[in-house]
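Inspection log for the structure reproduced underneath, given as structure tokens.
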Number of protein chains: 2
Amino acid sequence: MARANVIQKYRDKGLKLTPQRIAILDFLDGNTDHPSAEEIFSGIKQTNPTISFATVYNTIQALRERGELVEVTIDPERKHYDPNPEPHHHLICSKCGKIGDVFEDFTDALKLPQELLGKFSVTSNHVNFYGACINCSKGN
Amino acid sequence: MARANVIQKYRDKGLKLTPQRIAILDFLDGNTDHPSAEEIFSGIKQTNPTISFATVYNTIQALRERGELVEVTIDPERKHYDPNPEPHHHLICSKCGKIGDVFEDFTDALKLPQELLGKFSVTSNHVNFYGACINCSKGN
DNA sequence: CCGAAGTTTGGAATGATTTTTAATTTAAAA
DNA sequence: TTTTAAATTAAAAATCATTCCAAACTTCGG
């Protein structure tokens with residue numbers, strides 16, 4: 001999406017757009033790295049040296065409330081964020097920790113066993129695939 | 001497993017068995033609540049008032065190193081622990097947060113899409129089912 | 001029992017995240 | 001534009017889970 005359109009889109013959602021927020025939106029737009037708050041902060045800091053963590057966290061929350069950013073609970077040490085709100089699954093490299101995306105709907109295959117059918121009503125599912133990314137499979 | 005056997009089992013694994021550790025093992029044995037460290041601490045505290053968090057965390061680590069306890073990364077706010085090391089999946093009630101178990105192997109169904117096959121080598125998978133537990137589906 | 005090695009403890013330290021504060025900036029109406 | 005209420009900012013302090021620490025204490029093999 002063109003930058004001007006991205007800005008318009010968020011303005012329409014009631015987000016006051018400050019230079020810092022625009023920098024964060026730019027950073028997140030199309031980003032598939034599943035950055036942590038700290039990584040967003042560092043990424044912005046280069047072009048926006050005075051930005052504070054509070055701004056990053058505020059913006060993360062504002063985007064989450066608007067469904068534009070999803071919290072990813074995969075790394076036990078910190079939260080990661082995914083600017084793609086479309087349901088999808090994740091690949092986690094057990095060696096380097098990199099998180100990749102899997103766009104495929106496994107819902108039909110993921111049926112609960114008989115004995116649980118009456119005990120839990122499923123509304124969504126999420127699969128984590130653990131293993132090695134191509135980088136770590138090779139030499140290093 | 002009988003208590004004496006549980007104790008023998010851990011002694012064989014090179015764990016010195018202190019009263020605190022025995023209390024933690026008793027608390028975890030057969031527990032399907034996926035407790036957090038704080039919940040383990042509180043559960044032990046009643047019978048073992050001087051226990052410290054450090055001991056709880058130390059024991060968690062010792063058990064994890066021996067494959068007897070699995071860290072469950074589902075709740076973004078804290079780590080939870082599962083004394084069942086057998087691979088399985090989880091139900092997460094979006095309302096009350098309760099975590100349940102699903103013993104079923106979905107591996108055959110969880111094939112990566114063609115374009116990812118050469119890019120990531122999967123060694124295991126884990127499915128989270130989100131929805132409502134029976135308790136939360138009804139009145140409350 | 002003795003002693004070495006491993007444990008426990010309470011409190012301090014750490015690290016991620018959230019809240020607070022006072023000052024600044026914004027959107028939008030006049 | 002100018003105004004103004006509401007939102008945003010940076011910096012610092014607060015919070016919460018978790019880890020570290022040094023000293024005192026246990027366990028268990030011999």
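In the text below, chain A, chain B and the rest are named by the order of the sequence lines, each starting its count at 1. No experiment lies behind these values; they were computed from the predicted model shown.
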- Item | Audit row: B/Asp82, B/His34, side-chain hydrogen bond (donor to acceptor under 3.5 Å, both in side chains) steps and yes/no | CA-CA 5 Å; B/Asp82 191 334; B/His34 308 81; 3.2 Å; yes
- Tell me what A/Gln20 touches on the nucleic acid: a base, only sugar-phosphate, or nothing, going by heavy atoms under 4.0 Å. sugar-phosphate
- Task: Examine A/Val102 and B/Val127 and state if one hydrophobic cluster contains both, with Ile, Leu, Val, Met, Phe, Trp and Tyr joined whenever side-chain heavy atoms are less than 4.5 Å apart.
- Result: yes
- Message: If I take atom CD1 in residue B/Ile51 and atom C1' in nucleotide C/dG11, what distance separates them, rounded to the nearest angstrom?
- Response: 17 Å
- Message: Rounded to whole Å, please give me the gap between CD1 in B/Ile44 and C1' in C/dT9.
- Response: 16 Å
- Proximity to the side chain of B/Arg78 - top-ranked nucleotide from D/dT18, D/dA11, D/dC28: D/dT18
- Message: For a quick test of reading the model: is some side-chain N or O of B/Thr55 closer than 4.0 Å to OP1 or OP2 of C/dT9?
- Response: yes
- Task: Indicate, yes or no, whether a donor-acceptor pair under 3.5 Å links the base of D/dA17 to the side chain of B/Lys79.
- Result: no
- Query: Atom CD1 of B/Ile60 to atom C1' of D/dA17: distance rounded to whole Å?
  - Reply: 11 Å
- Message: OP1 or OP2 of C/dT17 versus the side-chain N and O atoms of A/Tyr57: is any pair under 4.0 Å?
- Response: yes
- Taking the side chain of B/Ala37 as its heavy atoms from C-beta onward, which of D/dT18, D/dA10, C/dT26 lies nearest to it? D/dT18
- Task: Under 4.0 Å between any heavy atoms, over every strand shown, what does A/Ser36 touch: base, sugar-phosphate, or nothing? Just pick one.
- Result: nothing
- Task: Indicate whether any N or O donor in one side chain lies under 3.5 Å from an N or O acceptor in the other, for B/His126 and A/Asn128.
- Result: no
- Given atom CD1 of A/Ile22 and atom P of C/dT25, what is their separation to the nearest angstrom? 15 Å
- Nearest whole angstrom, please: distance from the P of C/dG6 to the CG of B/Leu15. 12 Å
- Task: Carefully, step by step, assess A/Asn125 and A/Thr107 under the rule side-chain hydrogen bond (donor to acceptor under 3.5 Å, both in side chains).
- Result: CA-CA 7 Å; A/Asn125 59 64; A/Thr107 304; 3.2 Å; yes
- Residue pair B/Lys16/B/Phe53 against DNA chain C: nearer the 5' end by closest nucleotide is B/Lys16
- Task: Kindly say if B/Arg21 contacts the phosphate of C/dT8, meaning a side-chain N or O under 4.0 Å from OP1 or OP2.
- Result: yes
- Query: Does OP1 or OP2 of C/dA27 have a side-chain N or O of A/Arg11 closer than 4.0 Å?
  - Reply: yes
- Query: Where each residue is assigned the nucleotide of DNA chain D containing its nearest heavy atom, which of A/Asn48 and B/Glu38 is assigned the position nearer the 5′ end?
  - Reply: A/Asn48
- Query: Within the structure shown, what part of the strands sits under 4.0 Å from B/Ser52 by heavy-atom distance: base, sugar-phosphate, or nothing?
  - Reply: base
- Query: C/dT9 phosphate, OP1 or OP2: any side-chain N/O from B/Thr50 under 4.0 angstrom?
  - Reply: yes
- Separation of C/dT8 C1' from B/Lys45 NZ (nearest whole Å): 13 Å
- Item | Option from A/Asn48, A/Thr59, A/Leu25 for which side chain to side chain contact (heavy atoms under 4.5 Å, CB included) with A/Gln20 holds | A/Asn48
- Item | B/Asn84 and B/Thr32 side chains, donor-acceptor separation under 3.5 Å | no
- Taking for each residue the nucleotide of DNA chain D with the nearest heavy atom, is it B/Asn58 or B/Glu77 whose nucleotide lies nearer the 5' end? B/Glu77
- Message: What is the distance, to the nearest angstrom, from the CD atom on B/Gln61 to the C1' atom on C/dT8?
- Response: 15 Å
- Message: Rounded to whole Å, how long is the line connecting atom CD of B/Gln8 with atom P of D/dC28?
- Response: 10 Å
